[in-house]
Trainee: 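The structure that follows is given in the form of structure tokens.
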Amino acid sequence: MNVRTRFAPSPTGYLHLGGLRTALYTWLFARKNEGKFILRIEDTDQEREVEGAVELIYKSMHEAGLDYDEGPDVGGNFGPYIQTQRRDLYLPYAMELVEKGAAYPCFCTKEELQERRDAATKDGGQWKYDKHCLNIPREEALRRMQAGEPFVIRQNVPTTGTASFDDALYGHVEAPCDTLDDNVLIKQDGLPTYNFANVIDDHLMGITHVMRGTEYLSSTPKYNLLYEAFGWDKPTYIHLSPVMKDSTRKLSKRYGDPSFEDLLAQGYVKDAIINFIALLGWCPDVKTYGEKEFFTMDELVEAFDLSGLSKSPAIFNTEKLIWFNHEYISRMPVEEYQKMATPWFDQVLGGKNMDYAMLSSLMHTRTEIFSRVPDQIRFLAELPEYDIAIYTHKKMKTDAAVSLKALELALPALEALEDFSEENVKTVLMDLAAKNEMKNGQIMWPVRIAISGLASTPGGATEIAYLLGKEETLRRMRLGIEMLKKSV
Ligand code: GLU
């Protein structure tokens, strides 16, 4: 079988992470089976459309590495791939269903519907369309349509029996027909609803496997009635469990949960996001992969199998994502790290002419998320205020008096140093310790505190001194001496 899958987002905003996961699984399934992956834009609900959202979908797909074989901006033999550009092809299919008795035109006005809905729900009852217009003889209905009377076309769901389908993950899903509404297939504006367009387009585009969220699980039996009425082959359905923020609610932009673009902007690495998202509700075969957690895109393609999908909701664990991100950053070559870190370094050090290669080697394994880098290196731009209590360190055997002595020894020694390289700074400070019968830490610790103002820093005294340069290092040491003199 030639597998053809599709990702069919509606352009209603950013690509949220649940959507990204659907796209990823669909893509992986296509690639694994050497099939085609298609992007289709489902924009028939024009009121919900957000300007620029279509371009953002292209951009996000591109950034995520989910290349599609067919789509609005890449073409293909089954286009157009934007539903509003296909608007004229839906009505004839709807009319075919009308002919077959599986659909019917409806002329009820909004007001009429509201009135009947109010009456039906007045005592707490449920409303579904009452098939009022099903009774209009077909000839008359066609005449009224041709005369220009506003109409919609509704699906004629049987009143008895059940509608069902088989899901690859959830198994047999069944709904009693008398619980199903006669959904609108074609709206007054001539555009199809999602309920109709997804069926028509999946068929016309030759889609063999449909992957989408479980929110469509309950309406899919109804879509199957349409396939049956047309006499078309049904695709294989794979509904995907929701991605949850916690046990009570779905991940949602509305509650400020990040989109894919947000994560990238916050300094998460694409491959880390993809690796993390892939494992949200899917698990590689234990026999082959054991506890393996790190997967490249190629390895994911190789490992992806529907049997690893989970029916339980997946919880989006931010800590775990941060852990993945940190691992990915630590494992990347330092040159790549520097390239990615440079804009974040620039935020606080722009114009300071600092050695970013050295800074990168210090920060490389200390970066969990790039957006945290500016705060971690701010001390290089500006000496923070600090409490002189941090000069006192038991293990280093330092206190205020030892620190003052150390700084007073180190200051002239470093002043005399011409080539302020890290190596040279180190040699000078180590020599000082040896000559004065002090432990290395008794020199290094006070110098580090004086020039960073922090008890914990990326890199030690010598690296920081080198990064700051001679002038700034000496200035900060003099300040330290002044502070310590006041206290001892
Ligand atoms: N346009 C639908 C959505 O964005 C897609 C559902 C489907 O894949 O059929 O949720």
Side-chain angles (χ1 to χ4, degrees), residues 3-30 35-50 52-58 60-61 64 66 68 70-72 78 80-87 90 155 165 167-170 173 183-185 187 191-227 232 234-243 250-254 257 259-261 281 306 309:
V3 165
R4 287 175 61 82
T5 67
R6 88 301 193 276
F7 177 52
S10 300
T12 53
Y14 287 87
L15 182 56
H16 57 90
L17 295 172
L20 176 66
R21 193 193 58 170
T22 302
L24 174 63
Y25 287 176
T26 312
W27 181 88
L28 287 172
F29 186 75
K36 297 279 185 244
F37 175 64
I38 292 135
L39 178 70
R40 181 171 80 220
I41 302 294
E42 300 204 324
D43 61 344
T44 59
D45 190 352
Q46 301 246 276
E47 275 166 30
R48 288 179 61 223
E49 178 152 359
V50 171
V54 174
E55 284 65 33
L56 206 65
I57 291 168
Y58 301 155
S60 297
M61 296 293 283
L66 304 178
Y68 32 96
E70 298 168 30
F78 297 79
Y81 294 91
I82 297 186
Q83 286 181 328
T84 49
Q85 292 175 10
R86 303 165 67 78
R87 62 183 307 147
Y90 301 103
Q155 181 172 359
F165 77 101
D167 188 89
L169 193 55
Y170 290 84
V173 179
N183 275 149
V184 171
L185 303 179
K187 297 180 282 185
L191 279 171
T193 56
Y194 165 77
N195 295 319
F196 193 48
N198 90 87
V199 170
I200 300 299
D201 288 346
D202 284 342
H203 171 73
L204 293 180
M205 294 180 181
I207 302 303
T208 58
H209 294 77
V210 169
M211 283 196 197
R212 61 184 169 213
T214 43
E215 62 269 32
Y216 297 98
L217 205 54
S218 60
S219 27
T220 302
K222 211 159 23 178
Y223 306 150
N224 257 5
L225 293 174
L226 297 176
Y227 277 97
W232 292 342
K234 293 159 204 160
T236 299
Y237 292 104
I238 305 129
H239 286 86
L240 301 169
S241 66
V243 181
K250 261 175 95 164
L251 208 61
S252 159
K253 188 79 182 151
R254 207 156 13 117
D257 297 326
S259 65
F260 176 53
E261 293 297 325
L306 296 182
L309 289 173

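Any value given below was found using the heavy atoms of this structure, including those in side chains, with hydrogens, waters and symmetry copies removed. Being a predicted model, the structure only gives us computed values, none of them experimental. Order of appearance sets the numbers: ligands from 1, and atoms from 1 within every ligand.
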Trainee: Looking only at protein heavy atoms, which one is nearest to atom 10 (O) of ligand 1, and what is the separation?
Mentor: Tyr216 OH, 2.7 Å
Trainee: Among all protein non-hydrogen atoms, which one is nearest to atom 4 (O) of ligand 1, and what is the separation to 0.1 Å?
Mentor: Ser10 N, 3.3 Å
Trainee: Without swapping roles, check the side chain of Arg4 against the backbone of His209 for a donor-acceptor pair under 3.5 Å.
Mentor: no
Trainee: Does ligand 1 have an atom under 4.0 Å from some heavy atom of Glu215?
Mentor: no
Trainee: Arg6 to ligand 1: N or O pair under 3.5 Å?
Mentor: yes
Trainee: Pull out every atom of ligand 1 sitting under 4.0 Å from any heavy atom of Glu42, numbered as shown with elements.
Mentor: 1 (N), 2 (C), 5 (C)
Trainee: Is the distance between the ring centroids of Tyr223 and His203 under 6.0 Å?
Mentor: no
Trainee: Could you check whether Arg48 pairs with Glu42 (Lys NZ or Arg NE/NH1/NH2 to Asp/Glu carboxylate O, under 4.0 Å)?
Mentor: no
Trainee: For the pair Arg40 and Asp202, find out whether any cationic side-chain nitrogen is under 4.0 Å from an anionic carboxylate oxygen.
Mentor: yes
Trainee: Considering only the protein, which heavy-atom contact is closest to atom 6 (C) of ligand 1, and what is its distance?
Mentor: Tyr194 OH, 3.2 Å
Trainee: Mind telling me whether Trp232 and Tyr227 have parallel, tilted or perpendicular rings, with 30° and 60° as the class edges?
Mentor: perpendicular
Trainee: Hey, mind stepping through Tyr14 and Phe260 against ring-ring contact (aromatic ring centres under 6.0 Å, His included) and telling me if it holds?
Mentor: CA-CA 8 Å; Tyr14 287 87; Phe260 176 53; over 10 Å; no
Trainee: To the nearest 0.1 Å, how far is atom 5 (C) of ligand 1 from its closest protein heavy atom, and which atom is that?
Mentor: Ala8 O, 3.0 Å
Trainee: Below 4.0 angstrom from a heavy atom of Pro9, which ligand 1 atoms are there? Numbered from 1 as shown, please.
Mentor: 4 (O)
